[in-house]
Protein chains: 2
Amino acid sequence: MKSQLKRGTLELCVLSILWRGDCYGYEIVNRISDCMQITEGTVYPLLKRLKDNMLIDSYIVESQEGPPRKYYTITDMGRTVKEEQEAEWTSFSTAINKLLKGD
Amino acid sequence: MKSQLKRGTLELCVLSILWRGDCYGYEIVNRISDCMQITEGTVYPLLKRLKDNMLIDSYIVESQEGPPRKYYTITDMGRTVKEEQEAEWTSFSTAINKLLKGD
DNA sequence: CATAGTACCTTGCGATACAAAGTACTTTGT
DNA sequence: ACAAAGTACTTTGTATCGCAAGGTACTATG
């Protein structure tokens, strides 16, 4: 899959996953990679960006099965942005499909 | 609309328009901007890239209503790539919609 | 003869997906 | 005891490409 296609949608994917409940980074990577090819080098910097923009927050939880996990939770601002981006995605993909079919 | 969303799809949009018949650059800009916000500064460099990759070809036609027009035509290679990219787009948008709905 | 519309092109910037490399912990097999 | 595999996080650098901004040049209209 062309990496360019993912641009702009991965942020929405992460917000959408966190919308349904808190997750730690590695788990988010695995959930998204069920649907498309993705690596940690993409997701971790994205999580940092989202946190810097205060769309998500994080907390550490110790784990018995490995290193401590950093859980992420969506903020109210994140929920608002998620809904905006979801609407944008819908209208965008509709526009593309219209163009592909020939107006 | 977020500019990042368009990444990777504009190329397919142009190929898809040319699939249905030759067009000149300015016309392509106008057709795409019926569906989404786009400027010449995006499309002309893209047309150059597509031509460099031999997915499209071009020829000049004089015009009575202004400067000469550079018409673009899709090549056989362009047609192949267009079909590949269209399939990619379909599977990609399906994957995103699945992720947004929560697997 | 100025303005608007048509039509082309280029430069530079910003955003971001990803490869690659590194750290550190636990479990399992030998 | 120790290597290997799996879990989990992080950082650095590179490549791509959408777009703003600027430019050229032609025709038609008031």
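So you know, we letter chains A, B, ... as the sequences are listed, proteins then strands, and number each from 1. Computed over heavy atoms, backbone and side chain alike; hydrogens, waters and symmetry mates excluded.
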Checklist entry - Between dC9(C), dT10(D), dA20(D), which one does the side chain of Tyr72(B) approach most closely? => result dC9(C)

Next on the checklist: Tell me if the CE atom of Met77(A) is crowded by more than 12 foreign heavy atoms within 6.0 Å.
Outcome noted: yes

Checklist entry - Just how far is it from atom SG of Cys13(B) to atom CD1 of Ile32(B), taken to the nearest 0.5 Å? => result 5.5 Å

Item to check | Residue Glu40(B), side-chain atoms from C-beta onward, closest of dA15(C), dC8(C), dT10(D) | outcome: dC8(C)

Item to check | Nearest listed nucleotide, side chain of Lys48(B), among dT10(C), dG18(D), dT16(C) | outcome: dT10(C)

Item to check | Shared hydrophobic cluster for Leu18(A) and Tyr59(A) (ILVMFWY, side-chain gaps under 4.5 Å) | outcome: yes

Item to check | Per Lys6(B) side chain, nearest of listed nucleotides dC19(D), dT16(C), dT10(C) | outcome: dC19(D)

Next on the checklist: Tell me the interatomic distance from Leu5(B), atom CG, to dA17(C), atom P, rounded to whole angstroms.
Outcome noted: 11 Å

Checklist entry - In whole Å, what is the span from the CD atom of Gln4(B) to the P atom of dT16(C)? => result 5 Å

Item to check | Side-chain N or O of Arg49(B) closer than 4.0 Å to phosphate OP1/OP2 of dG18(D) | outcome: yes

Checklist entry - Rounding to a whole Å, what distance do you find between Tyr44(B):OH and dG18(D):C1'? => result 16 Å

Checklist entry - Out of dT6(C), dA15(D), dA8(D), which has the shortest distance to the side chain of Pro67(B)? => result dT6(C)

Checklist outcome for this item: d(Glu40(B) CD, Asn30(B) CG) to nearest 0.5 Å is 8.0 Å

Next on the checklist: As a test of reading the structure: which of dA17(C), dC9(D), dT11(D) is closest to the side chain of Thr42(A), going by heavy atoms?
Outcome noted: dA17(C)

Item to check | Out of dC18(C), dC19(D), dT16(C), whichever nucleotide has its closest atom nearest the side chain of Thr39(A) | outcome: dC18(C)

Checklist entry - In whole Å, what is the span from the CG atom of Leu47(A) to the P atom of dT16(C)? => result 14 Å

Checklist entry - Would you say the side chain of Arg7(B) and the base of dT16(D) hold a donor-acceptor pair, judged only by whether the two atoms sit under 3.5 Å apart? => result yes

Checklist entry - With respect to the phosphate group of dG18(D), does any side-chain polar atom (N or O) of Lys2(B) fall under 4.0 Å of OP1 or OP2? => result no

Checklist outcome for this item: Rounded to whole Å, the CD-C1' distance (Gln64(A) to dC25(C)) equals 13 Å

Next on the checklist: For the OG1 atom of Thr9(A) and the CZ atom of Phe92(B), what is their distance to the nearest 0.5 Å?
Outcome noted: 3.5 Å

Checklist entry - Where the side chain of Ile38(A) is concerned, which of dC8(C), dC18(C), dA17(C) is the nearest nucleotide? => result dC18(C)

Item to check | Interatomic distance where NZ belongs to Lys70(A) and C1' belongs to dT23(C) [whole Å] | outcome: 14 Å

Checklist outcome for this item: Testing dC18(C), dA7(C), dT7(D) for proximity to the side chain of Arg69(A), the answer is dT7(D)

Item to check | Comparing Gly25(B) and Thr9(A) on DNA chain C - which has the more 5′ nearest nucleotide | outcome: Gly25(B)

Next on the checklist: Classify Leu46(A) by what it touches in the nucleic acid, base, sugar-phosphate, or nothing, heavy-atom distance under 4.0 Å.
Outcome noted: nothing

Item to check | Among dA8(D), dA7(C), dC9(D), the nucleotide that comes nearest once only the side chain of Tyr24(B) is considered | outcome: dA7(C)

Checklist entry - dC8(C) phosphate, OP1 or OP2: any side-chain N/O from Tyr26(B) under 4.0 angstrom? => result no

Item to check | Whole-Å distance separating the CG atom of Leu50(B) from the P atom of dT16(D) | outcome: 15 Å

Item to check | Gap between atoms CD1 and P, on Ile28(A) and dT7(D) respectively (whole Å) | outcome: 16 Å

Next on the checklist: Going by purine N1 to pyrimidine N3 plus the second Watson-Crick contact, or the G-U wobble pair, all under 3.5 Å, which nucleotide sits opposite dT30(C)?
Outcome noted: dA1(D)

Checklist entry - From Ser93(A) OG over to Ile96(B) CD1, what is the distance, rounded to the nearest 0.5 angstrom? => result 10.0 Å

